[in-house]
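Take a look at the structure below.
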Amino acid sequence: MNDILPEQTPYWQHVENSFRQLMQSYGYQEIRMPIVESTALFKRSIGEVTDIVEKEMYTFEDRNGDSLTLRPEGTASCVRAAMQHGLLHNQIQRLWYSGPMFRHERPQKGRYRQFHQFGVEAFGLAGPDVDAELILMSNRLWQKLGMSDDVSLELNSLGSAETRQQYRKILVEYFSAHEAELDDDSKRRLQTNPLRILDSKNPEMQKLNENAPKLIDHLDAESKQDFEVLCNVLNDAGVSYKINPRLVRGLDYYSKTVFEWVTDKLGTQGTICAGGRFDGLVEQLGGKATPAIGFALGLERLIELLEIPEDVQHENNLNVYLVLMGEKALSKGLPLAEQWRNEILGLKLQVNCGGGSIKSQMKKADKSGAGLAFILGDDELEKNIITVKFLREKKEQEMIELSQITDYLKKNIGLIGS
Ligand code: ATP
Ligand code: MG
């Protein structure tokens with residue numbers, strides 16, 4: 001679990017702001033869920049025989065003896081919340097959320113025990129139009145963040161529940177015939193959850209998985225038709241993709257469309273964004289059958305991949321550092337700073353606190369990253385002026401009358417007055 005330090009947070013804010021704007025531009029609304037849920041919720045939704053539930057959850061008993069779990073993902077919580085508050089009764093919901101998720105995995109680059117996701121979920125729409133919308137939306141985010149060249153889209157369809165039941169038999173036959181080649185995990189899964197074998201990260205299983213019968217060749221008519229429509233929309237929108245028949249996702253609730261945005265720039269932690277349809281989940285959790293689709297993207301991996309534009313790096317820099325020499329300047333300076341903040345929308349101004357010589361205050365001003373130092377001392381107070389020093393440009397210092405400061409700031413920092 002990581003601390004995210006002040007030098008990193010501007011990048012997080014940049015990505016968070018971009019995502020929030022993106023959601024607004026598609027008419028999606030934010031929902032915020034608690035970070036803990038009852039353990040049973042995750043077991044029932046994600047599936048007992050998945051990596052997450054088998055070995056990655058932070059589960060504990062609270063003081064009442066109830067079993068709680070730090071959320072390992074957001075979809076289960078989102079469905080629970082939407083059901084509990086009656087958001088799904090004959091309604092369409094287009095929702096998003098963001099926040100920390102917790103999985104007890106082996107920490108490595110791009111894989112942490114507390115990580116952060118943006119999630120999007122649309123309820124009450126059977127697709128494939130909304131499936132395409134979600135993919136186009138994620139595609140727009142890469143464009144917005146200037147990372148389109150780094151990611152590529154993989155698609156698959158998992159068909160209906162019945163399709164998967166039939167396919168399961170075919171798959172079990174295939175893997176049983178090759179039982180000697182299976183690793184221990186896969187041997188166990190052969191009995192419990194054979195589709196999960198295809199999701200194996202073990203390179204030695206790759207060949208066997210590649211030659212396995214493909215679900216996409218056994219799709220039901222409706223899933224097949226929907227998948228074709230989705231592909232057509234993406235073709236028309238100019239979004240390229242690869243059909244990956246081994247894409248099954250690590251959670252049990254998926255059906256029909258599944259997709260991942262992957263990169264080859266982060267080693268084996270190559271999935272940036274992953275999602276799919278989960279038409280059975282609401283009913284499985286006790287609600288009325290409701291079609292649904294969503295995706296989640298990992299912020300750490302996204303930020304790792306991001307090239308941060310110059311202006312973002314400087315977005316949080318101060319405009320002005322106010323140097324105050326002496327007690328009189330102090331009692332005049334803080335109210336003045338308030339006044340300037342009132343008058344100039346977005347002004348970033350830091351007042352020197354803790355006193356100090358002119359030299360030490362100027363050192364702090366320089367370190368603060370501000371463009372200008374305003375100096376207010378006895379001399380200035382007497383003449384009703386501010387001495388302005390340029391900290392980032394070779395320019396002579398200036399004396400500006402106090403009454404002119406607002407105009408001066410507006411002119412010099414290009415800020416809009418309030
Ligand atoms: P992976 O295959 O890499 O284990 P996953 O299939 O378990 O990923 P999802 O549950 O689909 O991942 O989560 C969606 C996204 O969240 C992933 O694509 C990834 O970007 C991010 N993510 C998942 N687990 C972690 C983690 N432990 N640390 C950082 N990011 C993660
Ligand atoms: Mg995982």
Side-chain angles (χ1 to χ4, degrees), residues 1-4 8 12 15-16 19 42-43 45-47 49-58 69-79 96-121 134-135 138 141-142 145 147 150-156 158 185 189 193 195-203 205-206 209 244 246-255 257-278 281 292-306:
M1 297 184 186
N2 293 312
D3 301 305
I4 302 167
Q8 277 289 315
W12 285 74
V15 172
E16 285 159 0
F19 186 76
F42 298 118
K43 289 193 174 169
S45 52
I46 296 167
V49 192
T50 56
D51 279 347
I52 295 179
V53 171
E54 277 182 340
K55 49 193 180 197
E56 295 174 0
M57 293 204 303
Y58 281 92
T69 293
L70 295 182
R71 63 180 185 194
E73 55 106 48
T75 302
S77 312
C78 186
V79 170
W96 68 270
Y97 53 81
S98 77
M101 307 292 161
F102 303 84
R103 297 184 194 177
H104 194 275
E105 305 195 66
R106 192 171 69 78
Q108 51 199 289
K109 196 178 157 180
R111 192 177 292 289
Y112 311 102
R113 291 181 170 175
Q114 173 173 340
F115 61 100
H116 299 77
Q117 284 185 342
F118 289 136
V120 175
E121 322 280 6
L134 255 58
I135 290 174
S138 43
L141 183 67
W142 317 137
L145 295 173
M147 54 191 283
D150 297 332
V151 290
S152 61
L153 175 63
E154 300 197 349
L155 283 185
N156 194 20
L158 300 182
D185 259 352
R189 296 210 154 142
N193 195 347
L195 250 80
R196 283 274 74 76
I197 301 176
L198 297 173
D199 195 39
S200 167
K201 300 229 162 60
N202 182 354
M205 289 290 301
Q206 196 163 351
N209 278 341
N244 175 1
R246 279 175 309 284
L247 186 64
V248 294
R249 310 283 307 110
L251 307 89
D252 275 353
Y253 50 62
Y254 286 110
S255 58
T257 306
V258 288
F259 63 94
E260 287 190 359
W261 287 95
V262 296
T263 176
D264 53 12
K265 299 203 167 140
L266 297 178
T268 42
Q269 276 60 255
T271 308
I272 300 290
C273 170
R277 193 153 268 293
F278 49 95
L281 185 58
I293 181 166
F295 69 72
L297 66 91
L299 266 80
E300 280 79 2
R301 292 184 196 178
L302 186 113
I303 286 168
E304 180 80 34
L305 207 59
L306 204 62

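Both counts, for ligands and for their atoms, begin at 1 and track the order of listing. Just the heavy atoms: all of them, side chains too, but no hydrogens, waters or symmetry mates, feed the values below. As the structure is a computational prediction, the values presented were derived from the model and not from experiment. Just so you know, residue 1 is the first one in the sequence shown, and it goes up from there.
Looking at F115, W261, F118 and measuring to atom 24 (N) of ligand 1, the nearest heavy atom belongs to F115. Checking E260, Q117, E300, E73 against atom 13 (O) of ligand 1, the nearest heavy atom belongs to Q117.
Only the side chain of K201 comes within contact range of ligand 1, with a heavy atom under 4.0 Å; no backbone atom does.
Of all atoms in ligand 1, listed by their number and element, those nearer than 4.0 Å to a heavy atom of T271 are 17 (C), 18 (O), 19 (C), 20 (O). The atoms of ligand 1 that sit less than 4.0 Å from any heavy atom of G110 are 28 (N), 29 (C), 30 (N). Listed by number with element, the atoms of ligand 1 under 4.0 Å from a non-hydrogen atom of A274 are 11 (O).
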Practice item. Give the intermediate values and the outcome of salt bridge (charged side-chain N to carboxylate O under 4.0 Å, His left out) for residues R189 and D51. Key: CA-CA 11 Å; R189 296 210 154 142; D51 279 347; 3.3 Å; yes
Check the pair K109 / E304 against salt bridge (charged side-chain N to carboxylate O under 4.0 Å, His left out), numbers first and verdict last.
CA-CA 9 Å; K109 196 178 157 180; E304 180 80 34; 3.4 Å; yes
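A 4.5 Å side-chain heavy-atom check between M205 and L198 finds every atom pair outside the cut-off.
Under the 4.0 angstrom criterion for non-hydrogen atoms, Q269 is not in contact with ligand 1.
Close N/O approach between I272 and ligand 1 is found [any backbone or side-chain N/O within under 3.5 Å].
Of all heavy-atom pairs spanning E300 and Q114, the tightest one is OE2-O, 4.1 Å.
Aromatic ring orientation, F19 versus W96: perpendicular (interplanar angle above 60°, classes split at 30° and 60°).
A salt bridge links K55 with D185: the distance from a Lys NZ or Arg NE/NH1/NH2 to an Asp or Glu carboxylate oxygen falls below 4.0 Å.
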